[in-house]
Protein chains: 2
Amino acid sequence: MKPPASIRLKPDQPETGKSPGLRNRPRKVAESIKDWITDQNLVPGDRLPQEQELIKTFAVSKGTAREALKVLETQGLIQTRTGPGGGAFITEMPASRARALLANHFFFKNLTISDIYELRQALEPEMAANLAIQLGDQEIATLEKTMVVYDHPPKTIEEEQQQRIAELEFHERLAEFSTNPLQGFICGFLISLLKDLAVCRRIYTRPNPELRERGLSYQAQLIEAFREKDANAAQSIMRAHMASAKRLMEVQEAIVNRGFLPG
Amino acid sequence: MKPPASIRLKPDQPETGKSPGLRNRPRKVAESIKDWITDQNLVPGDRLPQEQELIKTFAVSKGTAREALKVLETQGLIQTRTGPGGGAFITEMPASRARALLANHFFFKNLTISDIYELRQALEPEMAANLAIQLGDQEIATLEKTMVVYDHPPKTIEEEQQQRIAELEFHERLAEFSTNPLQGFICGFLISLLKDLAVCRRIYTRPNPELRERGLSYQAQLIEAFREKDANAAQSIMRAHMASAKRLMEVQEAIVNRGFLPG
DNA sequence: AGATATTTGTTCGTATGTATT
DNA sequence: TAATACATACGAACAAATATC
C-alpha cells in the first residue's frame with residue numbers, strides 16, 4: 001500500500017503575496033499539512049497526528065488548527081473521528097463531494113442545456129464504445145433494472161419526473177462503469193447538472209412522451225450492442241441518442257425560458 | 001443585479017443521518033448559511049451578516065461560526081475582509097480554485113496520459129470548431145504570441161521544459177476563449193493535469209523534437225483556419241493534432257514508466 | 001498624516017460529547 | 001459500568017487590519 005500520489009497537491013490560491021504575516025493562518029497551516037502529507041507519502045486510511053501534536057508542530061492555537069483541519073475536510077482530503085484512536089484520517093474524496101464542489105463553480109455561470117449536451121455528445125459515444133468491450137452480464141443486468149422504471153408511459157406527473165431521473169441514472173451507471181476515471185467523473189457530473197439545474201427541473205415536470213420513447217429505444221439498442229460487444233454499434237447508437245435528446249431538450253428549454261408555462 | 005442561481009447549492013454529503021445532535025455543527029451551520037444565500041437570491045458582491053449576527057442567528061459560538069465560514073471560504077463561495085464595512089462577501093469561485101479542488105479528487109486515482117488524452121481528443125476538436133467562427137484578430141494575436149516561445153529548437157533542457165509548458169498554454173488560451181463554460185473549464189482542467197502530473201513532469205525533461213515540431217505545425221495550421229473562420233478545417237486539424245500528440249506522449253509515458261531514465 | 005472606530009483574526013481556559021477499553 | 005482519550009463546543013480577552021474622519 002505505498003503507490004504515492006501522482007498529482008502534486010497544489011495550493012488553492014496562487015499566493016497573493018499581499019498577506020503580510022499573520023493573515024489567513026489556517027489556510028497556510030492547511031497547506032503545510034498538505035505538504036507534510038505528500039512528504040510522508042500518506043495514503044487513504046492513514047492517520048494524521050493528533051490535534052495537540054499538530055498544535056505543537058505548527059505552533060498554532062487550537063482554534064487555528066481546527067480551522068485548518070476544517071479546510072482539509074472541506075476539500076475532502078480528511079475525515080475526523082472522535083474517541084480513542086480517533087483523529088483525522090486521510091480519505092479519498094468521494095465523487096459526490098467533488099461534484100458538489102465543482103457545481104459551486106458553475107453556480108453563477110448560467111449554464112444552458114446546450115452547453116451540457118454539447119459535452120455529452122462529445123463524450124458519451126466514446127464512453128459507450130469503451131464499455132461495449134468491457135461490460136459483463138452483471139453490469140448489463142443492472143442497466144436493465146434501471147430501465148424498467150420507464151419502460152411504460154407515465155400515469156402521473158410525479159411518475160413522469162421519476163422516469164426522467166431514472167433515464168439519467170441509466171447514463172450515470174454507464175459513467176460509473178467507465179475505466180477512465182476522468183471520463184467517468186465528467187460524464188457523471190454532467191448528469192448531476194441535468195438533475196439539479198433549475199431549467200431541467202422545470203422541463204421534467206412537463207409531459208414529453210417523445211423523449212421517453214426515443215430514449216428507451218436507443219437504450220435498448222445500446223444494451224444489445226453491449227451484449228454483442230460491438231463497440232462501433234454502441235458508439236453510433238449513443239451518438240444518435242445524444243443528438244436526439246439534445247434536440248428535444250433544447251426545444252423544451254426554449255419553451256420554458258419563454259415562460260409558456262403555468263407557474 | 002438579480003438573476004438568481006441556476007443550480008441549487010446542494011449539501012456536500014447526503015446527510016449520513018447517524019450524527020446525533022451536536023456532531024459536525026460547523027458543517028450544518030455552513031449548510032444553513034447556504035440555504036439562506038439561495039433564499040435571499042444573493043449574487044457575487046453581496047455581503048453576509050456579520051460574525052456577531054451569525055452567532056446570534058444560528059445560536060453558536062464564535063469558533064463554530066468561524067469554522068462554518070471557513071467551510072464556505074474553502075468551497076470558494078465567500079471571501080472575508082477585515083475593517084469597517086468588512087465581513088464575508090459572496091464571491092464567484094475562480095477557475096483556478098475549482099481546478100485545485102477537483103484535482104484533489106484525482107489525487108489517488110493514478111491517472112494516465114491515455115486517460116487525459118482520450119478526453120482531449122473528444123473535446124478539443126469540437127472546441128476548435130466553435131472558436132473558428134468566433135475568434136477575433138486580437139485573440140488570434142494572443143495565441144501567436146504564445147507560439148513564439150517554442151517556434152525554434154530548444155537550446156537547453158530548461159528551455160525544452162518551458163516550451164512544453166508554453167505549448168500547453170496555447171491550448172489553455174483556447175479553453176479560456178470558449179463560450180461554453182463547461183467546455184472551457186474541463187479543457188483547461190485537462191491541461192492543468194498535464195502540467196502537474198508527475199509522469200508528465202518527467203517526460204518534459206527529456207528532449208522530444210518531434211513533439212514540438214509537429215505541434216507547432218498543427219497550431220500554425222489552426223491559426224490559419226481561425227483566420228479564415230473555417231470551422232471544419234479547424235476541427236479536423238485539431239483532431240489530427242490530438243491524435244498525434246496522444247501517440248507521442250503515450251510512447252514517452254511507456255518509456256518513463258519502465259524506468260529507462262536517469263534519476 | 002494620524003487617531004479612532006469597526007470588524008475580522010487569533011489565542012486560551014474550560015466544559016461537554018463520544019467512542020474505545 | 002467506569003475510566004479514559006480524544007474531538008467538539010463555548011466565551012472572553014486580545015491582536016491585527018482597514019475604512020473613515
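Because the structure is a prediction, the values reported are computed rather than measured. Below, all heavy atoms of this structure are taken into account, side chains as well, without hydrogens, waters or symmetry copies. By convention in this document, chain letters (A, B, ...) are assigned in the order of the sequence lines, proteins followed by strands, and residues within each chain are numbered from 1.
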Let's see if you can work this out: which of dA9(D), dT8(D), dT8(C) has an atom nearest to the side-chain heavy atoms of Thr80(A)?
dT8(D)
Which pairs, with at least one residue in residues 139-150 of chain A and sequence neighbours excluded, count as a salt bridge (charged side-chain N to carboxylate O under 4.0 Å, His left out)?
Glu144(A)-Arg227(A)
Rounded distance in Å - [atom1] ([X]) to [atom2] ([N]):
| X | N | atom1 | atom2 | answer |
| --- | --- | --- | --- | --- |
| Arg25(B) | dT16(C) | CZ | C1' | 11 Å |
| Ile55(A) | dT10(C) | CD1 | P | 14 Å |
| Glu67(A) | dT10(C) | CD | P | 7 Å |
| Glu53(A) | dC6(D) | CD | C1' | 13 Å |
| Asn24(B) | dT16(C) | CG | P | 21 Å |
| Leu48(A) | dA7(D) | CG | P | 11 Å |
| Gln79(A) | dA7(D) | CD | P | 15 Å |
| Arg27(B) | dA9(D) | CZ | C1' | 17 Å |

Side-chain H-bond candidate by donor/acceptor type, Ser178(A) with Gln183(A), under 3.5 Å
yes
Between Arg66(B) and dT8(C), is there a contact of a side-chain N or O with OP1 or OP2 at under 4.0 Å?
no
Ring pair (Phe, Tyr, Trp, His ring centres under 6.0 Å): pairs with one or both residues in residues 158-183 of chain A, sequence neighbours excluded:
His171(A)-His241(A)
Collect all protein-nucleotide pairs involving nucleotides 12-15 of chain C in which both atoms are nitrogen or oxygen and the distance is under 3.5 Å.
{"from": "dT14(C)", "atom 1": "O4", "to": "Lys62(A)", "atom 2": "NZ", "distance (Å)": "2.5"}

Any residue meeting salt bridge (charged side-chain N to carboxylate O under 4.0 Å, His left out) with Glu160(A), in chain and number order, not counting sequence neighbours:
Arg164(A)
With Glu92(A) via salt bridge (charged side-chain N to carboxylate O under 4.0 Å, His left out) - residues at least two apart:
Lys109(B)
For Tyr204(B), which residues count as a ring pair (Phe, Tyr, Trp, His ring centres under 6.0 Å) partner, sequence neighbours excluded?
none
With sequence neighbours excluded, what pairs up with Tyr117(A) under the ring pair (Phe, Tyr, Trp, His ring centres under 6.0 Å) test?
none
Drop me the distance from Thr82(A)'s OG1 to Asn24(B)'s CG, to the nearest 0.5 angstrom.
10.5 Å
Residues in side chain to side chain contact (heavy atoms under 4.5 Å, CB included) contact with Lys62(B), at least two apart in sequence or another chain:
Glu51(B), Ile55(B), Arg66(B)
Could you list all N or O pairs between the protein and nucleotides 4-7 of chain C that sit under 3.5 Å apart?
{"from": "dT6(C)", "atom 1": "O2", "to": "Pro84(B)", "atom 2": "N", "distance (Å)": "3.4"}
{"from": "dT7(C)", "atom 1": "OP1", "to": "Gln50(B)", "atom 2": "NE2", "distance (Å)": "2.8"}
{"from": "dT7(C)", "atom 1": "O5'", "to": "Gln50(B)", "atom 2": "NE2", "distance (Å)": "3.0"}
{"from": "dT7(C)", "atom 1": "O4'", "to": "Gly83(B)", "atom 2": "O", "distance (Å)": "3.2"}
{"from": "dT7(C)", "atom 1": "O2", "to": "Gly83(B)", "atom 2": "N", "distance (Å)": "3.3"}

